[in-house]
Amino acid sequence: MSEANFTLIVPIPVVDATLNSTNVVEAVIAAYNAGTTYGSGTQVGVTAGTVQTIYQSLQAANIGHTPSSSPTWWQYIGVTYSAYNVGTTYALGDIVSSIGSNIHLLYKSTTAGNVGQALTDTTKWTLLGSTNARAMFDDTYGSQTTNTDSIVFTTTPGVLVNSMWFGNLDVASIRVQQADSGFDTTVNLNTHNVLNWYDWYYMPLIRLGDLAMVGGIPPYSASAITVTLSNVGSTAKCGIFVMGVARVLGLTQWEIIAGILSYSGTTTDGFGNTKFLPRAKAKKLNLEVRITPGYEDEAFRIMTACTDVPLVLIGTTKYQMAQAYGSLGSWALPITNKGKNMTVEFKGLT
């Protein structure tokens, strides 16, 4: 690897994203009625307890066809959860939603006969995380927004943005469009890294799980940006979406060291039988950076501001293993005329 730009992207909050994908449902919708005639594309809900299963009509003049048992008439979309009501008595394990201004969260009841208890009461409720529609906009790499065929959303940053980063993906392509500038680019995430002819012919395509788009987006803060994540014929998934300004501090040096922090474990009984307990994994990086001469003070300021906050580190866009969403560990920046480099440790988030 030749030298590459060492880049940091501090996320700006995505507070106004409008999901255009009609299949991404967040709130409870109108209940199915066997006597109603539904048009093609109409969505209905079937509720059991606090869980509502969403279906979408596949044909016009759709009447009297039970959604759960009529696959030629209805397409399963997903599930959503009833909004929390202080006067409702919830059973053990019931899941409710809390949706408001920049609040899109799910909670699970940890006790039976749960009534009148605030969602902030951790003895009664467990925070599960974001709703499906907002999972890709929270600060968790592992939770994914999912949707049949594609996820489409539009956002207006309101501040300068020139870069994006997508993590924990399962999509075939990503298209980014900006209304005012006419910027329109599509990236194919299917790849075929092989070592020999046998792999070329017989090994399946793989997909990039992370994608960096650094510095190419025109800086129009008031312009709407539309993002389309496509996986036609399957389920589109995205764990995290980050946008912000890319800050290049210098050149990443050969050699980058990448590894994994595993939170899994094992248990072994008295007979020596071992069970593996799979849990989350997180990326870790160690690298050196040649700071641009004369830029040491600014680089120190940026590194200080970026410590103890979530951000994206890109050692190089050529290798996925050199990119991560997480936080800075220890780092040391020299002022030198002897060719010394800044050393950086980085720990990914789960």
Problem set entry | Donor-acceptor contact below 3.5 Å, side chain S181 vs main chain F183 | yes
Exercise. Parallel, tilted or perpendicular: which describes the rings of F241 and F166, with under 30° parallel and over 60° perpendicular?
Worked result: tilted
Exercise. Is I291 linked to I256 within one hydrophobic cluster, defined over Ile, Leu, Val, Met, Phe, Trp and Tyr using a side-chain heavy-atom separation of less than 4.5 Å?
Worked result: yes
For this session: Ignoring hydrogens and angles, tell me if any N or O in the side chain of S57 forms a donor-acceptor pair with the backbone of Q59 under 3.5 Å.
Result: yes
Exercise. Are side-chain heavy atoms of M243 and I217 found at a separation under 4.5 Å?
Worked result: no
Problem set entry | Any donor-acceptor pair under 3.5 Å from T37 side chain to I63 backbone | no
Exercise. Is there a side-chain contact between L58 and W74, using heavy atoms and a 4.5 Å cut-off?
Worked result: no
Problem set entry | ring pair (Phe, Tyr, Trp, His ring centres under 6.0 Å) contacts in which one or both residues fall within residues 331-350, not counting sequence neighbours | F300-W331
For this session: May I ask you to check whether F153 and F137 place their ring centers less than 6.0 Å from one another?
Result: yes
For this session: Going by the side-chain contact (heavy atoms from CB on, under 4.5 Å) test, name the single residue among D139, L311, D210 that passes it with Y325.
Result: D139
For this session: Answer with yes or no whether the side chains of S330 and E345 bring together a donor and an acceptor at under 3.5 Å.
Result: yes
Exercise. Are the side chain of S262 and the backbone of S264 linked by a donor-acceptor contact shorter than 3.5 Å?
Worked result: yes
Exercise. Looking only at atom types and distance, does a side-chain atom of K283 sit under 3.5 Å from a main-chain N or O of Q323, one as donor and one as acceptor?
Worked result: yes
For this session: Answer yes if the side chains of T268 and T274 hold a donor-acceptor pair under 3.5 Å, and no otherwise.
Result: yes
For this session: With rounding to the nearest 0.5 Å, note down the distance linking OG in S143 to CD1 in I240.
Result: 7.5 Å
Exercise. Under a single-linkage definition using a 4.5 Å side-chain heavy-atom cutoff for Ile, Leu, Val, Met, Phe, Trp and Tyr, are F6 and V312 assigned to the same hydrophobic cluster?
Worked result: no
Problem set entry | Sequence-distant partners of N168, side chain to side chain contact (heavy atoms under 4.5 Å, CB included), two or more places apart | Y141, Q144
For this session: Would you check if the side chain of S163 reaches a backbone N or O of G215 as a donor-acceptor pair within less than 3.5 Å?
Result: yes
Seminar exercise, completed: Exactly one candidate in D94, T89, N114 meets side chain to side chain donor-acceptor pair (under 3.5 Å) with S109; the answer is N114
Seminar exercise, completed: The side-chain contact (heavy atoms from CB on, under 4.5 Å) partner of Q253 among V289, N341, L287 is N341
Exercise. With the 4.5 Å side-chain cut-off for hydrophobic clustering, are V214 and L211 part of the same group?
Worked result: no
Exercise. Linking I/L/V/M/F/W/Y whenever their side-chain heavy atoms sit closer than 4.5 Å, directly or via other members, would I103 and W125 fall into one cluster?
Worked result: yes
Problem set entry | Nearest-0.5 Å distance, OG1 of residue T47 to OH of residue Y32 | 14.0 Å
Exercise. If Ile, Leu, Val, Met, Phe, Trp and Tyr residues are connected whenever their side-chain heavy atoms lie under 4.5 Å apart, and connections chain through other members, are V44 and W73 in the same group?
Worked result: yes
Exercise. Judged by atom type as modelled, is there a donor-acceptor pair below 3.5 Å linking the side chain of D269 to the main-chain atoms of N273?
Worked result: yes
For this session: Would you check if the side chain of T42 reaches a backbone N or O of G39 as a donor-acceptor pair within less than 3.5 Å?
Result: yes
